[in-house]
Amino acid sequence: DTAVSQTPKYLVTQMGNDKSIKCEQNLGHDTMYWYKQDSKKFLKIMFSYNNKELIINETVPNRFSPKSPDKAHLNLHINSLELGDSAVYFCASSQGPKEADTQYFGPGTRLTVL
Amino acid sequence: AQSVTQLGSHVSVSEGALVLLRCNYSSSVPPYLFWYVQYPNQGLQLLLKYTTGATLVKGINGFEAEFKKSETSFHLTKPSAHMSDAAEYFCAVSVAGRRALTFGSGTRLQVQP
């Protein structure tokens, strides 16, 4: 059983389009995250939700909008895609929002904007 | 603000040799420290973490790391490298009040036969 799953795994789209990435965790965790990994492999937090409540909202363009319909799901919607949005997006989850909690990562979604 | 520096973006060792991947952190408050491994085209997997207590932490696949507060370091070691250890390794830190990981830039480990 996949603990943290993401769909799609690959996403190729044109500039200006709108796209969504879905994430689901079956670990019973309360907290979920979105990270962006750029072409140099650098990972940076974008958002975090705890029990469907937004708790971290980093300096991310407002074209990016996370949505958590329930605590097992955290989706990422991106409007008006730009070339610079090309990256690998990782979803993660943890038992709670405590700093010492282990985060479990999904397999990533590779987004390519043409 | 906290930060993580990983010295050496690429490390190459021979199979059976010692693996040493360096990580230094900067934090004004006690840190929680993590090492993650990323195999090609996969997500990140936790190797080990330090929260409190014993400063020598053992993880999966024979890896261990030692938290040295005086040196602000959390270097990752493995006595004998295996071909399957070839991957990207990330050191990360979190601190009280900051409920997300701050990652280093990663170190690619190559293992030569």
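The basis for the numbers below is simple: all heavy atoms, side chains too, and nothing from hydrogens, waters or symmetry mates. The sequence lines fix the lettering, A, B, ..., with proteins before strands; numbering per chain opens at 1.
Side-chain contact between F74(B) and L48(B): present, with at least one pair of heavy atoms (C-beta onward) separated by less than 4.5 Å. At a threshold of 4.5 Å between non-hydrogen side-chain atoms, the residues V13(B) and L18(B) do not count as touching.
Closest non-hydrogen pair, V93(B) versus P31(B), comes out as CG2-CB, 3.6 Å. Between L44(B) and F105(A), the closest heavy-atom pair is O-CB, 3.5 Å. Nearest heavy atom pair, residue V19(B) against residue A81(B), reads CG2-CB, 3.4 Å.
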With 3.5 angstrom as the limit, list the donor-acceptor pairs from chain B to chain A, or say none if there aren't any.
unit_1  : atom_1 : unit_2  : atom_2 : d
Y36(B)  : OH     : Q103(A) : N      : 3.2
Y36(B)  : OH     : Q103(A) : O      : 2.8
Q38(B)  : OE1    : Q37(A)  : NE2    : 3.1
Q38(B)  : NE2    : Q37(A)  : OE1    : 3.3
K49(B)  : NZ     : A100(A) : O      : 2.7
K49(B)  : NZ     : T102(A) : OG1    : 2.9
S94(B)  : OG     : E99(A)  : O      : 2.6
G97(B)  : N      : E99(A)  : OE2    : 2.7
R98(B)  : NH1    : E58(A)  : OE2    : 3.0
L101(B) : N      : Y35(A)  : OH     : 3.1

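Cluster partners of V12(A), using a side-chain heavy-atom cutoff of under 4.5 Å among ILVMFWY residues and allowing indirect links, are L114(A).
Using a 4.5 Å cut-off between heavy atoms, L43(A) touches chain B through backbone and side chain atoms alike. The parts of L101(B) that come within reach of chain A are both its backbone and its side chain, each placing non-hydrogen atoms under 4.5 angstrom from that chain.
For the atom pair CG of L21(B) and CZ of F90(B), the computed distance is 12.0 Å after rounding to the nearest 0.5 Å.
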